[in-house]
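Below you'll find the structure, written out as structure tokens, and then a few comments.
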Amino acid sequence: EEVDDLDAGDEDRGFGRLVDELRGRWVDGGGALGPGGGALRPPDVAEGGLMTMWSLWAANELEVSALQVLTHRAGKAELRDPKLAQAAIEALRPPFAVLDQALAASGFLVGGRFTVADINVAEVVRYAMAAPELFTAAPNVKAWLDACHARPAFKAMMAKREQEKA
């Protein structure tokens, strides 16, 4: 099954698989997905650019610090460093404010609907969940992430991950 054939029902293939495929083909490797296709994809070049922008923004502005939060707040006890966790949280405050403002209008990042941009950014934001103070200060981010996590495909992905050996 090709990612190029995405439509609204493709979310049911599994949130995690979709994240992996989209990040691999759309962000990390082959450039932006072209316009056309289903609801998750951009209908035109302008939306495609916005989806690419948000995906790269998350990778550049959030991912390193969000992973630091995950490691130093929720990782193995022997690896945790409260000072590094706090520094990462402080580094995430400005981008969380940007994201909160962007979500204020429609609750989604692009086109007023759930898209690839939401999938990519939500996966990175999820790493910072061990810092609830970030979400308290950004209520639109919290509501959006909760909505992303309430989707059946996300729940299925997490259930599958919980069954995997660590």
Test log, rule side chain to side chain contact (heavy atoms under 4.5 Å, CB included), inputs L62 and Y127:
CA-CA 9 Å; L62 298 173; Y127 304 151; over 6 Å; no

Contacts of E133 that satisfy side chain to side chain donor-acceptor pair (under 3.5 Å) - sequence neighbours left out:
R73

Which heavy-atom pair separates [X] from [Y] by the least distance, and what is that distance?
| X | Y | value |
| --- | --- | --- |
| A85 | H72 | CB-CB, 3.7 Å |
| A88 | Q68 | CB-CB, 3.6 Å |
| K155 | A150 | CE-O, 3.5 Å |
| C148 | F154 | O-CB, 3.5 Å |
| V124 | A58 | CG1-O, 3.8 Å |
| L134 | A128 | CD1-CB, 4.2 Å |

If hydrophobic clusters are built from ILVMFWY residues whose side chains come within less than 4.5 Å, do [X] and [Y] share one?
| X | Y | value |
| --- | --- | --- |
| L67 | L84 | no |
| V121 | M53 | yes |
| V110 | V98 | yes |

Decide salt bridge (charged side-chain N to carboxylate O under 4.0 Å, His left out) for R93 and E90; before the verdict, give the C-alpha distance in whole Å, the side-chain angles of both, and the deciding distance to 0.1 Å.
CA-CA 5 Å; R93 288 186 191 281; E90 295 308 317; 3.2 Å; yes

What distance separates [X] [atom1] from [Y] [atom2], expressed to the nearest 0.5 Å?
| X | Y | atom1 | atom2 | answer |
| --- | --- | --- | --- | --- |
| L50 | T115 | CG | OG1 | 9.5 Å |
| H149 | W144 | NE2 | CH2 | 8.0 Å |
| L103 | L145 | CG | CG | 10.0 Å |
| L70 | R126 | CG | CZ | 8.0 Å |
| M129 | K142 | CE | NZ | 8.0 Å |
| S55 | E123 | OG | CD | 12.0 Å |

Hey, is the main chain of F96 close enough, under 3.5 Å, to the side chain of D100 for a donor-acceptor pair?
no

Are the side chains of L99 and L109 in contact, using a 4.5 Å heavy-atom criterion?
yes

For a quick check under 3.5 Å, do N120 and W54 share a side-chain donor-acceptor pair by atom type?
no

